[in-house]
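Computed from heavy atoms alone, side chains included, the values below leave out hydrogens, waters and symmetry copies.
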Amino acid sequence: MLEALRRGFTGLGRNWGLVVVAFSVNIALALLVALPLASQLERDLDHTGVSASMMYGFDHDWWTHWSEDQEGYTRSLAPDVFGTGFAARNVDLLLRGFVPGRVFREAGKEAHAALLLARRPRGLDPLLLGLGVLYLVVQTFLTGGLLGVFRAPQGGWTLRGLIHGSGFYFGRLIRVGLLGLGLVGIVFAANVPFARWVDELAREAVSEETALALLLGRHFLLLLAILLVHMVASFARVIVVQQERQSAALAFVSSLGFCSRNLAASAGQYGAVLLLALVLFGAWASIDARLLVVGWKSQLVAFALFQVFLLSRIGLRLALLASQLELHRAQQGRR
Amino acid sequence: MSPRSFGAAVVGLSLIALAWPGTRADTVPSTALPLPPVAGPDAPGLPPLPERSPRNASYTIEARLEPDTRTLEGSLVLEWRNTSDQALSTFPFHLYWNAFRNTLSTTARGDSRRWAAHEEQDERLFGWIDVHSVRRLHEGGAEEDLTPSLRHLHPDGNQDDRTVMEVSSESPVAPGETVRFGIEWTSRIPYGTVGRAGWVHDYHFIAQWFPKIGVFWNGEWNCHPFYAVTEFFSDYGVYDVRLTVPRGFVVGATGRREEKTANADGTETHHYVQEDVHDFAWTTSRRFLERVATFDELGYPPVAIRLLVQPEHEQHSERYIEATKIALRTYGTWSAPYPYAQITVVDPAWGSSSGGMEYPTLFTGGTSVLAPPVLQSPESVTIHEAGHQFWYGLVGNNEFEEAWLDEGINTYMTAKALNHALGPRGVAQRYFGGGHRQGRKTGWPAIAPEVWVMRGSDRVPGLRHDGEKDVMARPGWRYRDRKSYGTNSYGKPALTLQTLEALLGEETMIRVLRTFARRYRFAHPTTEDFIEVVAEVTGEDWRWFFEETFFSSGLCDYAVKVETRRLAPPGGWFEGPDGELSPAPPAASNDDAGAGEWASRVTVIRKGAVRMPVELRIDLADGSSIDELWDGRERWMRFEYTGQRVVMAHVDPLGKLAFDVDRANNQWIASRGPARRAATKWAARWMFWLQNLLELQMVVG
């Protein structure tokens, strides 16, 4: 497992530009909506005294009123996405079935009334949901090309070759993705009665400690189940490319077999990458907490830090993918 | 870029960020004025502090708790003195727990947090109080059985409600005469996840639990049914209570414990006494941990603080105690010192709805296992409920009819005390709690950095949404809905009083509060009494202020608009020095660049219905400032300036109008730079969240 990880990271290092390509999609899609938001904020703050308090801090009073008047994706601008809160918010959206495209969300669960005064975390606007689905499709498209590059022992790649490889495997990888989504759907469906049961246990608990452990625990189990499905789907993608499999379904079955035979190694890779991700998150959080952002220079530094974080995060994802390919190749070689 | 270069760039960037001179503050210091010295019992210029209450409704109660059957057996002797000038032969009593008897009670039919939504109901939620006998106890041992005369009253027209009973006596009680009633009852304790009283596991919170006589007030009995949102009203007296519970249960109650006696049947009887209070509540559980402290500061009577805390919240004990001291200190100096020798603080059990409520010399707080100090929980609820000892406990207003008189004053003072002691509060969202109401109170708190809620500003959204639904000062059951009740009892009066404080000045406001607190200690004041105190202390008629606020459903919103233009030289024909007509030079262009005279027009607009005098501050380009005053009565007022350009205009620059529902339109600035920088700053943060969310899609893809 460790050797596969090392080879995976080395392979990624040789083809570092792939991270930039994947990252470009990320920043381009985000800018599509971030720039209009910035323009709107500038218009709404123009010539107001609040602009100064928003420059030096965050005027919560102004924001509560401003949010009440928003419709659409701009309502998602809220204090809960600042600082390290973005991570909790995103994991919460994942575990409540909003990702991707709200497909796992129980019908009728989400109230569309203003939730600013409520304690429950808010949902997600359809535009952002759609952007997420588009991102998923584009990154799935790129995955085939990425795996093709990682597979080649000599390394090196061109953009044209990457796109060609991506297009070649796209159909099969989309089918793998859909199978993965189907499996996640089963996980969510099974989670509904389980969550109700645990919530009832929590409600009847004698102490808040017990209730908290139960509630955090059931969320953790759901996350673990989703990650396990991701692992299987990811290895299925590796199998499709490495073994030139035509059938996505059979690749999925092979992946299930592979993961169960090599559970420790497969899960170990995830664990190692997650650990690195946590270290990355912690480093970013500690720097961000110290940074007072007001003028253009400090904003540039903060923005650069944001993008370095994203680059590193995407790099870890690709490194994991490369490591999975190496692990699969090594295990196949042994067999 | 190679990985090595990338790594070097990351390290370099980190070093730049770490070395960056600007450091974000973790807290915002308080800007409140220091506390003035506390006023003693005979402070000059203030009404004297009464030493005792009228004591016209005193109860001696014995009660036995049966945790296994969730029942309570009780008997009481009520000594009631007729303080009116009428002879009375009918006597109404509150039977509050019958609000939980079934789904037909007035409470159950109302729009309230005090009754479970239909899908949440289970059989355990129902509770009741069943009076077996009512006797009039005469001198010499004779008794008159009043039970046959028992009937239920329905002032609200709901014939199914059983929260008010009335008994009649053949011989009227003369003015000044004292009558003794003996009452026996059984209660079923409701499951405590909805109402304030109830049980969860072995935690029992017992409140509003005994038959309580109404108040004969203003020439008639005042004994309302238990409405969905209203609270309570009763007379002062001495409470002498004996509570029998299983051995091993820790008991907390109103007053001081006189003794604890072990009984042969494995129970213990706890004897509590408290003078000069108008209610008695108690709690018991095996799980309580007990912590004690003393509030003993110069100028204040000493108070023994007893905290009963859940084991999982033990780490918050010091915060509970310190918050109680903050309340005793600040409220004591801003109104009048707390006179009782003890106060009991109860940390409610998980699942119980008993948290955040006040009773004489005892109150419930509430906190979470994960409770970052910046969120001021348990501090805010502790200060608020401890504060109710002063407003509701010592000044006993009619909470049915004028809820704002305790809730509003207390909410105003809670915000003031928090701001004074702790500064602004942080903001957080809790995640990964449960799907039910209780579960949303726990979970992982994610704190938003750089976001602070300033004093009173958390109440403004409620005012915006619900402030126009009703006139503020009205009986609690007559608001349109629960939200209107909440806004008009808590937020709107609190913001109104904060505004009054700004208009009067802190020193005068404290004199108003001290006068009101001292004059009406152990009494039942009304809104009019408060208005009269304001007039008395200030020497001015402030009724106009209360007409605009308390007796209005209008909102306050002042805005400012500025137009500036460079003055053009005059055009046309003018007389020259020789008296002959000649053409004037052509007009200069109106662009913003360059020197020259400016014409600025500042319009202050009253967008809301509430009319208040407002201040206006104008900053000019040469650095000078102009202050203007406007009575705020018309819909707009215009101010024109020529010469230097106006670069800033701010209506209500000191933020005196705390209830202005839109402060963003109060200030205009000429510069556009801050808007752009602010926009990019927060859009970039939001974009970072979105980028991470997009990448998260890959977990399920």
(request) Name the option with the most non-hydrogen atom pairs under 4.5 Å to chain B; the candidates are A:Val184, A:Leu77, A:Asn26. (result) A:Asn26

(request) Just give me the residue among A:Met54, A:Gln307, A:Met231 that pairs up with chain B most often, heavy atom to heavy atom, under 4.5 Å. (result) A:Met54

(message) Which one wins on heavy-atom pair count under 4.5 Å against chain A: B:Trp668, B:Trp689, B:Tyr203?
(response) B:Trp689

(request) Pick one of side chain, backbone, both or neither for B:His650, based on which atoms fall under 4.5 Å of a heavy atom in chain A. (result) neither

(message) Counting C-beta onward and ignoring hydrogens, is there a side-chain heavy-atom pair between B:Thr367 and B:Asp347 closer than 4.5 Å?
(response) yes

(request) Please state whether the side chain, the backbone, both or neither of B:Ser352 comes within less than 4.5 Å of a heavy atom of chain A. (result) neither

(message) Only pairs of heavy atoms separated by less than 4.5 Å count here; which of B:Arg464, B:Arg663, B:Gln310 has the most with chain A?
(response) B:Arg464

(request) Compare all side-chain heavy atoms of A:Ser234 with those of A:Leu321 and state whether any distance is below 4.5 angstrom. (result) yes

(message) At a 4.5 Å cut-off on heavy atoms, which part of A:Leu95 comes close to chain B: side chain, backbone, both, or neither?
(response) side chain

(message) Can you tell me which of B:Ser368, B:Ala349, B:Ala446 forms the most heavy-atom pairs within a distance under 4.5 Å of chain A?
(response) B:Ser368

(request) On the 0 to 90° scale, with breaks at 30° and 60°, tag the A:Phe306-A:Phe303 ring pair as parallel, tilted or perpendicular. (result) perpendicular

(request) Could you label the plane-to-plane angle of the A:Phe104 and A:Phe188 rings as parallel, tilted or perpendicular, counting under 30° as parallel and over 60° as perpendicular? (result) parallel

(request) Count the heavy-atom pairs under 4.5 Å between each of A:Leu45, A:Asn90, A:Leu41 and chain B, then report the option with the highest count. (result) A:Asn90

(request) Output the option from A:Val50, A:Thr48, A:Val20 having the highest count of non-hydrogen pairs under 4.5 Å with chain B. (result) A:Thr48

(message) Is A:Val206 close to chain B through its backbone or its side chain, or both, or neither, when contacts mean heavy atoms under 4.5 Å?
(response) both

(request) In plain terms, say whether A:Glu204 and B:Arg124 are close enough for a salt bridge, that is, a side-chain N and a carboxylate O under 4.0 Å apart. (result) yes

(request) Could you tell me whether the side chains of B:Ser457 and A:Asp61 share a donor-acceptor contact shorter than 3.5 Å? (result) no

(request) Give, as side chain, backbone, both or neither, the part of B:Val200 having an atom under 4.5 angstrom from any heavy atom of chain A. (result) neither

(request) Under 4.5 Å heavy-atom distance to chain B, tell me which part of A:Leu93 shows up: side chain, backbone, both or neither. (result) side chain

(request) Specify which of B:Thr680, B:Val661, B:Leu690, B:Asn666 makes the most heavy-atom pairs with chain A at under 4.5 Å. (result) B:Thr680

(request) Run through A:Val308, A:Thr84, A:Leu310 and flag the one making a side chain to side chain contact (heavy atoms under 4.5 Å, CB included) with A:Trp284. (result) A:Thr84

(request) Indicate whether any N or O donor in one side chain lies under 3.5 Å from an N or O acceptor in the other, for A:Arg313 and B:Gln691. (result) no

(message) Quick check on A:Gln299 against chain B: is it the side chain, the backbone, both or neither that has a heavy atom closer than 4.5 Å?
(response) side chain

(request) Give a yes or no on whether the ring-centroid distance for A:Phe82 and B:Trp682 is below 6.0 angstrom. (result) yes

(request) Quick one: which of A:Val229, A:Leu214, A:Leu128 has the most heavy-atom pairs under 4.5 Å with chain B, could you say? (result) A:Leu128

